[in-house]
Amino acid sequence: MTDSVREDIDITYFTEANSADVVIERMSGTGTPRMAKVMGSVIRHLHAVVKEVEPTQDEWMAAIQFLTATGQMCDDRRQEYILLSDVLGVSMLVDAINTRRPTGATENTVLGPFHVENAPTRPMGATISDDGKGEPLVVTGKVVDTDGNPIEGAVVDTWQTSHDGFYDSQQPGIQPEHNLRGVFRTGADGRLWYRSVKPTYYGIPDDGPVGQMLRAMGRGNTRPAHLHYIVSADGYETVTTHIFVDDDPYLTEDAVFGVKESLIRTFVHRDDPVKAAELGVSNPYWSVETDFVLTEQS
Ligand SMILES: [Fe+2]
C-alpha cells in the first residue's frame with residue numbers, strides 16, 4: 001500500500017472501489033509532507049479494514065460508540081486511550097521503533113501510568129519498602145556501558161507494586177506515599193544495590209470500555225510481576241524498562257505485551273540467616289541480580 005493516489009483510476013466521484021484515493025486526493029496542496037504521509041496511510045488502511053470487514057450500519061455505530069465511551073472515560077487520573085493503545089500492542093510497537101539498540105544493550109519497554117516525578121532519593125543499600133510488608137527482596141547489579149565499563153553517576157529511578165499488586169498511588173491512606181519508589185545514584189564502581197519486597201502480578205483497569213473489549217476478545221487484563229526502571233547517565237541514551245520475575249504465571253500473557261525475553265530475571269529464594277542479617281533483611285529472602293547496559297548517545 002502507498003499513501004499516494006493511484007494514477008490508473010478515475011477519482012472524479014467517490015465509489016466503493018476508489019474510496020481511499022478520492023479522500024486522499026482532497027488533501028493535496030496543504031499541510032506538511034509528514035501530515036500528508038500520516039493521514040494518507042491512516043485513510044488507506046482504515047478503508048482497507050472497512051472493505052475487508054464490511055461492517056453493518058449497526059456494527060459501525062457500535063465502533064463509534066466504543067470510541068466515544070473511551071473518550072468519556074478519560075479524565076486527569078484515567079487515560080483510557082493509552083490503555084487501548086497498550087492492550088492493542090501499539091504502545092509497545094511505537095516504543096520498539098523509537099528505541100532500537102545494539103545487541104547486548106538493555107532493551108526498553110513501556111513506561112506505564114504509575115511513574116511519579118520526584119520520588120525520594122535514597123542512599124545505596126536502602127530499602128524502598130516503607131511499610132515493610134511482603135517477602136524481602138535484595139536487588140543487586142551494575143550500570144555499565146556496552147564494553148562493560150562501570151558508569152559513575154548513573155541515576156536509577158525504580159518503582160513497583162506492593163506484595164499484593166498495588167502501587168502506592170492506587171492506595172492512598174493504605175500505603176505510605178512513595179512506598180516502593182526510590183532514586184539511586186551509582187558511585188565509581190557503577191554498582192546498584194537496594195532492598196525491597198517481591199512484587200506480584202496485577203490487573204490493569206478493566207472497569208471501562210477497554211475492559212469490555214478485552215472480555216469480548218477472550219483476553220485477560222493481567223500484567224506479570226515486574227520492577228520498573230528509568231536509568232539515565234550523562235552522555236548515554238536513557239533506558240526505560242522493567243525486569244520481570246521468572247516464576248510469574250503470566251509472563252506469556254502480559255495484557256500490554258511489555259515482556260521481552262532479555263528482561264526476565266531469575267529471582268532466587270535464599271535461606272541464609274547470616275547473609276540476611278548482613279544485608280539487613282529478614283530470613284528467608286529473595287535476591288535478584290540485574291545489570292543495565294547503556295549505549296552512548298549518538
Ligand atoms: Fe507496572
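Being a predicted model, the structure only gives us computed values, none of them experimental. First listed ligand is number 1; within each ligand, the first listed atom is number 1.
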Measure up the Trp159 and His228 rings against each other and bin them: parallel (under 30°), tilted (30 to 60°), perpendicular (over 60°).
->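 The rings of Trp159 and His228 lie parallel, inter-plane angle below 30°.
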
For Glu296, look at atom CD and say whether over 12 heavy atoms of other residues, nucleotides or ligands are found less than 6.0 Å away.
->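 Count not over threshold, so no.
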
Check whether the side chains of Asn283 and Asp272 place a donor and an acceptor atom closer than 3.5 Å, and report yes or no.
->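 Looking only at side-chain atoms, Asp272 and Asn283 do not form any donor-acceptor pair under 3.5 Å.
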
Distance only, no hydrogens: is a donor on one side chain within 3.5 Å (strictly under) of an acceptor on the other, for Arg101 and Thr295?
->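 Side-chain D/A pair, Arg101 to Thr295: absent.
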
Among the N, O or S atoms that His228 has, which is closest to the Fe ion (ligand 1)?
->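 Of the nitrogen, oxygen and sulfur atoms in His228, the Fe ion (ligand 1) lies nearest to NE2.
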
Please confirm if an N, O or S atom belonging to [X], backbone or side chain, lies less than 2.8 Å from the Fe ion (ligand 1).
{"X": "His226", "value": "yes"}
{"X": "Tyr202", "value": "yes"}
{"X": "Tyr167", "value": "yes"}

